[in-house]
Amino acid sequence: MISYRFLAFLLPAACLAVAATAILGPRAAHAQLSGSTTQGQIAPIPIAIPVFISDDPKLGADIAGVIAANLGRSGLFKPLDPASFLERPADVNAAPNFNNWRAIQADAVNVGRITRGPDGRLVAEFRLWDVVNGQQKAGQRFAAVPQNWRRIAHMISDIIYERLTGEKGYFDTRVAFIDETGPKDKRTKRLAIMDQDGANVRLLSQGKELVLTPRFNPVAQEITFMAYQGERPRVYIMNLDTQQRQQVGDFPGETFAPRYSPDGQRLVMSVSSGANTSIYEVDLRSRQFRQLTQTNGLDTGPCYSPDGREIVFESDREGTQQLYIMNSDGSGLRRISPQGDGRYSTPVWSPRGDYIAFTKTQGGRFMIGVMKPDGTGERILSSGFHSEGPTWAPNGRVLMFFAEGQGAGAGPRIKSVDITGYAEQVVATPAFASDPAWSPLLN
Amino acid sequence: MSLERFRFTSPPFSKEFRAGERFKIPFIETEIAALKAKEEAERKAAEARAKAEAERKRKEAEAKRKAEELKKKKLAEAKAKEAEKRKFDLDKLAKAIDASPDDPRALLDKSNKPTGARPQGDSQTATNTGPSAGTRDGRDTVLSAREADMLRGLLNAQLARCWRLPAGGGGTSVPVVTLGWNLKPDGTLDGEPRVVRAGEGALVQVATEAAIRAVKTCVPFQLPPDKYANWRVITDWAFDPSKMVQ
C-alpha cells in the first residue's frame, strides 16, 4: 500500500519534471546572454591625492604634490584638482566616504598622514582606496630622515603605480646626466645626478674637463662615463658614495661609450686603434679584456640584452650607421635596422627585453624610436630638431632623451616620453641638460 | 433525509435484532432501499449543480483572464510604444549597430550569416518562430539570433565606453577576463559581478579589476525592457584587449 501511495505521488512528480524540462529547458538556455568587448578606452586613471594629514601643513601638501606630479607625468594617471574634492580626509585609518569621491569621478583616492616621530624621523602612512569597489588596495608605513621626504613620496608613488597599472613603478630612481652651463661656444659640462623628477641635482665633477655618456651600474652605487684626459677620451668608473674615480684599462687608443653588463661585472665599450674602432668587453674584477668586433669602421654604442646574452651596437661597416646584434662573445652577428636611407645610432635595449630604443636620422630630422630586437615594429616616439640618446626607465615603459634647442640662447633639455609616444614632456632641470641615463630602482 | 435520522425515528429493535444479521425486516429493507435511491438522486443532482457551478466559474475566470490578458497586452503595447519613443526600436537599434563603425562585435557576429533584412524570429535558435517569437510582453524568452546580436551590440556599445583598458592599454600582454553578472529590470546590478575566467600573467588582477569597474560604472544598462528575460543573466562576457594593444 505504501509503495502504491509512493508511486502515486511519484508519478505526477516525474511527469511534471519531464514537462518542466520540456518547457523550461530551452527557455533557460535562451535566457542567458554572452558576448565580448574588444574595444575599450585608453585613458588615464582619475585619482585623487588629498593633502597628507599632518601637523606640518606644508609638508603634507608637498608630499601629496610630489606624488600627484609623478603619477601625472607618467601619462597613465590623471590626478584630480584638489579644489574639486568634497571631503578632506582626517583619519588615515578610516575608509573615506566613497560617495564623495565617486561624485568627482575618482577611480582611486590615496589618503596619507605624515608625522614626526620622537626621534625626529618622519613617519608616513598611506592607504590607497578603490572608489568604485570601496576596497583598500594598498597601505604602508615608512620612516625616514626628514631630508628624504621626497623619496618617501616617490616610494608611495611607485606602490600606487604598481597597484593600479600592474607594472613596476619607476619613481624612486635617479638620472645621471650632463649639466650644461655657460655660452653655447664655451659650455661647461659637468657630470650630475638627480631624482627622476629633476629634483635634488647633485654635481659630481667640477667642469674642468669634458665629460660624456654617464651610465649606471645596474647593481651598485656606481657609474661609468667618458672624460677627456687632455685630448684623449677615457672611460672611468665612479663610486657615487665616495665620488672616487678610476680609469678602466690602459688602452693606447681612445676609449668611449661604456655600458655595464646586467650583472654589473663587465663593461662593453669602444676602443679605437688607428682608423678602426672596435667593441671590447672588460671584466671589472680581473681587468681582462676581450675584443668582440673587428672591422674597417666605427663600431660603438654597445648595449647588453637584459639577459646578458646578446649585445646591440651601431656600426658604419656598410657605409652608414646601422644597428647590429651579436652574441655576447662576438659570434652570430646580424643587422637589425631596416634597409633604407635612415641612419640608426645609440641603441639601448629595454630592461623588459621587448624593444630596442634608438636615435634615427633621416632627411635632416632626428627621431627617437623603438623597434623589436628582430628589427620589426619600428615606431617613432618623438622627433625634433636634434633629439638624441634615449635611456629606459627600469620598467621599460618610459624613455628619457635629450633635445637640442634652436637659436642663440638655446641649449639641450632632457625630455621624457611614454613607450606609446604619449605624454612627452621636458624634465625640469636647473640648467641645460643632456645625455641622461636612468638608474635602476633604488628600493 | 439521512440514514442516521431514520434510525432514530424507527421503532426500537430488540437486542437480538440488532445483534443478528440474519434477521431481515422487509419494511425496513424497502424503506432503506428507497432512501438510498433518493439519496443517490440527490447526490447526482448536487454533482450536476456543482459541475454547472464549476463550469460557470471556469467561464467567468476564463473571461476575466482574457480581459486581463487584453489589458496586459494593451499595457505592454503602450509600454512598447513608449520604449519605441525612447529609441528602443529593435530594428532601428540593430541597424544602428550594424552601421556603427566602433562596434565591430555586432558585425563580427554576423559575418558568417546572410546580411540584409530577415523576418524576426527566423532563426535556428528560436523554438517558436513566426509571429509568436519574441512577443512584446516580455514573457517569451525565446530569442532570435538577430535579437541576440542586437542585445549583444547594445551591451557592447555601453561597455566599450565604460571599459578603461588596464596598464594604459599598450605595450604589454593584458589577459582576457571573462565576467558574468545579473541585472535587475531597471538595468542595475543584481549582486556582484562574477569572474568566470581570468587568464594568466602579472596583469590578471589589474585586468580583472578593470573589467569589474567597467560593469559597475556602466550601470544602469540601457536595454530594451521587454527583453528583460533575455538580459537578466549575462553568463559570460569577455573583456579582450588583444585587438587594441600594440
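As a basis for the values below, the full set of heavy atoms in this structure was taken, side chains included, without hydrogen atoms, waters or symmetry mates. Numbers restart at 1 for each chain; the letters A, B, ... are given by sequence-line order, proteins then strands.
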| task | State the CG-NZ distance between Asn133(A) and Lys216(B), to the nearest 0.5 angstrom. | result | 4.0 Å

| message | Leu33(A) and side-chain contact (heavy atoms from CB on, under 4.5 Å): which single residue from Ile234(B), Asp236(B), Thr235(B) fits? | response | Ile234(B)

| task | Could you have a look at Glu209(B), Arg161(B), Glu192(B) and say which one has the most heavy-atom pairs with chain A under 4.5 angstrom? | result | Glu209(B)

| message | Counting only heavy atoms not in Lys137(A) (residues, nucleotides, ligands), do more than 12 fall under 6.0 Å from its NZ? | response | yes

| task | Keeping the roles fixed (side chain from Gln41(A), backbone from Ala160(B)), state whether a donor-acceptor pair exists under 3.5 Å. | result | yes

| For the atom pair CG (Asn156(B)) and CD (Gln39(A)), what is the distance rounded to the nearest 0.5 Å? | 8.5 Å

| said: Please report the interatomic distance CG(Leu159(B)) to OG1(Thr37(A)), rounded to the nearest 0.5 Å. | reply: 4.5 Å

| task | Check whether any side-chain N or O of Arg152(B) sits under 3.5 Å from a backbone N or O of Ser34(A) as a donor-acceptor pair, and report yes or no. | result | yes

| Has the side chain of Ser36(A) got a donor or acceptor atom that lies under 3.5 Å from a matching backbone atom of Trp237(B)? | no

| note | Turns out that what part of Arg163(A) lies under 4.5 Å from chain B's heavy atoms comes down to both

| query | If you draw a 6.0 Å radius around OH in Tyr422(A), do more than 12 non-hydrogen atoms from other residues or ligands fall strictly inside? | reply | no

| task | Give a yes or no on this: more than 12 heavy atoms of other residues, nucleotides or ligands lie within 6.0 Å of atom CD of Gln105(A). | result | no

| said: Under 4.5 Å from any heavy atom of chain A, what part of Leu155(B) do you find: side chain, backbone, both or neither? | reply: side chain

